[in-house]
There are 2 protein chains.
Amino acid sequence: MDIKTSCLGVLAVRPASGYEIRKAFEEGPFSHFAEGGFGSIYPALGKLTEAGLVTFEVEAQEKRPDKKIYQITDAGRSALVEKLCEKEPGDDKYKSDLLFILFFAGHLPAEKIRRVIDERIAFYQAKLAHLGACGVAGDGSAPDLVREFGVTVYSAALAFLERHRKDFINLAERGKSAADAAE
Amino acid sequence: MDIKTSCLGVLAVRPASGYEIRKAFEEGPFSHFAEGGFGSIYPALGKLTEAGLVTFEVEAQEKRPDKKIYQITDAGRSALVEKLCEKEPGDDKYKSDLLFILFFAGHLPAEKIRRVIDERIAFYQAKLAHLGACGVAGDGSAPDLVREFGVTVYSAALAFLERHRKDFINLAERGKSAADAAE
DNA sequence: GTCCGCATGTAAGTAGTTACATGATTCA
DNA sequence: TGAATCATGTAACTACTTACATGCGGAC
């Protein structure tokens, strides 16, 4: 999702500073569909303010730069809904660099393959632990259902990787010996 | 994955024209991790040629523009392996516009929610039919395993959507009546 | 007779990333 | 003493998308 809509989405849930929006992109439920660094968030907030879709209040802080707390306006809410309605998610991409790497397992060092798989397994385990820990409500709210979707998909991916870890490593090892034999 | 590496990946499997690379991005196993239109592919092939990572031969055709058949060079294969080795897939993003939309189900028209879910269900079903149809080999090759990964993840996502289709639609309907009541 | 597939490319524009710039506080 | 967190922002750059430009052949 583009950065302006992502910011608007976070602000639709609660007011936040640019810094807090960044955290939301990394940790909360928004981490499933939003991303972006300060270099995109701050300019985006600027444009949203210009367009009247958000406003901000400055919160003075001692010993830190002042905080700008952004709030979504009614126009902002309408713009968010409009944007989400016109968006056709048919072109959602599950483009994965991991799959690209695994596709070429036979051409890469076994050690590399082992490492990327193990890292990814650890990543999924951490994600699942985190998703299990927060909001275990099971209250049927949209955020909760989205969380459950994450759990479902991550679990499936994790199980697959655990099941085929050895297979990919074997492919890399055989690929290596094939390459050696060819020399 | 960036466009140059994606092209190199396709060419590592077999020689191809720019047009055929495009098709590979849309249909084959590469559709799981690569994308890009002609506006990115052709410039990318130009740069790869300059860098000596690919070469091409012109295949004259009657009544069509000549075809440039690109082939990967040894330097190109090395560059691909190097690129894949340096790539840390820890930052793989499963950023999904669908999830973004569903997260705000309570704020959107029920009809929109119903449509995006049904379209996505149809999309997954088509994907699975396609993945089942082609390469049912089950031969344990890397492409085959990657295909199986696709089947695993799509199946999980599909089952989830079918299970919670009604829940999301209800959320949208309740959200709507809440908004009406507030007026 | 209109749209789709084949086939290549360029130009202009958009969006986002990365690096820079600044600076106090807190934890190991 | 070095790294991480909090806090905002700009400038330069990279990369990709979209629209344009051209044109034949075949299917419906």
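Here is how names work: the chains are called A, B, and so on, in the same order as the sequence lines, proteins then strands, and each is numbered from 1. Note that the structure is a prediction, hence the values are computed from the model and not measured.
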Original post:
Just how far, in rounded Å, is P of dT22(C) from OH of Y42(A)?
Top reply: 17 Å
Original post:
Starting at CD1 of I21(A) and ending at P of dG9(D), how long is that distance when rounded to a whole Å?
Top reply: 11 Å
**OP:** Quickly work out the E26(B) CD to dC6(C) P distance and round it to whole Å.
**Re:** 11 Å
**OP:** List in numerical order all residues of residues 52-61 of chain A for which some heavy atom is under 4.0 Å away from an atom belonging to DNA chain C.
**Re:** none
Original post:
What's the NZ-C1' distance between K68(A) and dC6(D), to the nearest Å?
Top reply: 16 Å
Original post:
Among dG9(D), dT10(D), dC6(C), which nucleotide sits nearest the side chain of P43(A)?
Top reply: dT10(D)
Subject >> Within 6.0 Å of CD in E86(B), more than 12 heavy atoms from elsewhere >> reply: yes
Subject >> Selection residues 65-78 of chain A - residue pairs positive for salt bridge (Lys or Arg N to Asp or Glu O under 4.0 Å), sequence neighbours left out >> reply: E20(A)-K67(A)
Subject >> Atom-to-atom span, CZ of R22(A) to C1' of dG16(C) - whole angstrom >> reply: 13 Å
Between N or O atoms, less than 3.5 Å apart, protein on one side and nucleotides 16-23 of chain D on the other: list the pairs.
from	atom 1	to	atom 2	distance (Å)
dC16(D)	OP1	I3(B)	N	3.3
dT17(D)	OP2	S40(B)	OG	3.2

Acceptor/donor pairs from residues 36-59 of chain A side chains to any protein atom, 3.5 angstrom cut, sequence neighbours excluded:
from	atom 1	to	atom 2	distance (Å)
S40(A)	OG	G37(A)	N	3.4
S40(A)	OG	G37(A)	O	3.2
T49(A)	OG1	L45(A)	O	2.7

Subject >> Those residues that, when tested against P109(B), pass side-chain contact (heavy atoms from CB on, under 4.5 Å) (two or more places apart) >> reply: C85(A), K112(B)
Original post:
Through what angle, rounded to 10 degrees, does the axis of the helix from dG1(C)-dC28(D) to dA28(C)-dT1(D) turn between its ends, using five pairs per end?
Top reply: 50°
**OP:** Please name all residues satisfying salt bridge (charged side-chain N to carboxylate O under 4.0 Å, His left out) with K4(A), sequence neighbours left out, ordered by chain then number.
**Re:** none
Original post:
Who pairs with S155(A) by side chain to side chain donor-acceptor pair (under 3.5 Å), at least two apart in sequence or on another chain?
Top reply: none
Original post:
Who pairs with P15(B) by side-chain contact (heavy atoms from CB on, under 4.5 Å), at least two apart in sequence or on another chain?
Top reply: I69(B), Q71(B)
Original post:
Could you give the CG-to-C1' distance, from D66(B) to dG9(C), as a whole number of Å?
Top reply: 14 Å
Subject >> Interatomic distance, L45(A) CG vs dG16(C) C1' [rounded to whole Å] >> reply: 15 Å
Original post:
Quick one: K23(B) NZ to dG5(C) P, roughly how many Å, whole number?
Top reply: 10 Å
Subject >> CG on D118(A) to CD1 on I113(A), rounded to 0.5 Å >> reply: 11.0 Å
**OP:** Could you tell me which residues satisfy ring pair (Phe, Tyr, Trp, His ring centres under 6.0 Å) with F168(A), sequence neighbours excluded, listed by chain and number?
**Re:** none
**OP:** Applying salt bridge (charged side-chain N to carboxylate O under 4.0 Å, His left out), name anything that partners E162(A), two or more places apart in sequence or on another chain.
**Re:** none
Subject >> Residues which pass salt bridge (charged side-chain N to carboxylate O under 4.0 Å, His left out) with E27(B), listed by chain and number, not counting sequence neighbours >> reply: none
